[in-house]
Amino acid sequence: MKFFVDTANLDDIRELAATGLLDGVTTNPSLIKKAGGDFLETIAEICRIVDGPVSAETVATDHETMLAEGHKLAGIAENVTIKVPLTMDGLKTCKVLTGEGTKVNVTLCFSANQALLAAKAGASFISPFVGRHDDVSQDGMAMVEDIRTIYDNYDFETEILVASVRHPLHVLEAALMGADVVTVPPEVIRKLVNHPLTDKGLDAFLKDWADTGQSIL
Ligand code: G3P
C-alpha cells in the first residue's frame with residue numbers, strides 16, 4: 001500500500017520525505033488555507049521535494065473553467081495530479097484530462113456508486129472520504145470494501161486512495177482491504193510509528209547497555 005501525506009505544510013512534507021515513507025502528497029483548498037502559502041508556489045515546492053503524485057485541487061464548479069484550472073496546475077510539474085470533485089462537471093473534466101495523459105484524482109467520494117462512475121471516467125485515483133462518513137454515523141471503511149469489490153469485479157485500474165483518515169485503525173483496515181493508497185495527516189503518520197512497548201523496550205536496552213560500560217564508536 002502506498003503512503004501519501006495529506007497536508008500542504010512544507011516542513012512536515014520535508015521531514016516525512018526524509019524517512020522514505022512518502023509515495024505522494026494530497027492537498028485541498030482547506031489544507032492550502034491552513035498552510036498559509038501561495039497555492040501555485042506551494043505545489044511547485046512540494047513537487048520538488050516529492051517524486052510521486054502530488055494532488056492539486058481545482059476550485060471551479062463548471063467544466064470549462066475546471067479544465068482550464070487543471071491545465072494550469074498540470075503545467076507546474078510532471079508529477080502534478082489534478083483533483084476534481086465528484087460532480088458531473090468533475091467527471092467530464094476527468095475524462096478530458098485523462099485522455100490528455102494527465103493523472104486525475106476524483107475527490108469528495110461518498111459512495112461506491114460514485115467510485116464506479118469515477119473509474120468509468122478514467123480516474124487514476126478515487127478518494128473515498130472515510131472519516132467524514134464516520135462523522136455522520138456511516139461506516140466509511142465499508143464503502144472502501146465495496147469499492148474494492150467493484151473495481152476487482154471489472155478490473156478497473158483506478159487506484160483506491162483512502163482519504164479523510166483520522167486514526168491508525170483507518171490505515172490498518174485500508175491495508176487489510178487491499179486499498180492501493182492511503183493519504184494520512186502527518187500527526188496520524190507519527191502515531192503509526194509510536195508504540196509504548198517500543199519505548200519501554202528501548203529504555204531497557206539502553207540501561208543494560210550502559211551497565212556493560214562499552215561503546216560502539
Ligand atoms: O484531502 C481530503 C481529505 O483527506 C480530507 O480529510 O479530515 O478534512 O475530512 P478531512
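Every heavy atom of this structure was used, including side-chain atoms; hydrogens, water molecules and symmetry mates were not. Order of listing sets the numbers, starting from 1, for every ligand and every atom in it. Since the model is a prediction, treat every value here as computed from it, not as a measurement. If you read the sequence from its start, that first residue is 1, and numbering goes on from there.
- Linking Ile, Leu, Val, Met, Phe, Trp and Tyr whenever their side-chain heavy atoms come within less than 4.5 Å leaves Val80 and Leu31 in two separate clusters.
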Donor-acceptor list for residues 141-150 side chains, cut-off 3.5 Å, not counting sequence neighbours:
from: Arg148; atom 1: NE; to: Asp152; atom 2: OD1; distance (Å): 3.3
from: Arg148; atom 1: NE; to: Asp152; atom 2: OD2; distance (Å): 3.4
from: Arg148; atom 1: NH1; to: Gly178; atom 2: O; distance (Å): 2.8
from: Arg148; atom 1: NH1; to: Asp180; atom 2: OD2; distance (Å): 3.1
from: Arg148; atom 1: NH2; to: Asp152; atom 2: OD1; distance (Å): 3.2
from: Thr149; atom 1: OG1; to: Glu145; atom 2: O; distance (Å): 3.1

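- Residue pairs meeting the side-chain hydrogen bond (donor to acceptor under 3.5 Å, both in side chains) criterion with at least one member in residues 108-131, sequence neighbours excluded, are Asn105-Ser127.
- Classification of Arg14 and Glu45 as a salt-bridged pair holds, one side-chain N sitting under 4.0 Å from a carboxylate O.
- The protein residues lying under 4.0 angstrom from ligand 1, judged by non-hydrogen atoms, are Asp6, Asn28, Lys83, Phe129, Arg132, Ala163, Ser164, Arg166.
- Panel note: side chain Asn79, backbone Asp51; a donor-acceptor pair is recorded below 3.5 Å.
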Under 3.5 Å, which donor-acceptor pairs link side chains of residues 199-215 to any protein atom two or more places apart or in another chain?
from: Thr212; atom 1: OG1; to: Trp209; atom 2: O; distance (Å): 2.6
from: Thr212; atom 1: OG1; to: Gln214; atom 2: N; distance (Å): 3.2
from: Ser215; atom 1: OG; to: Leu217; atom 2: O; distance (Å): 3.1

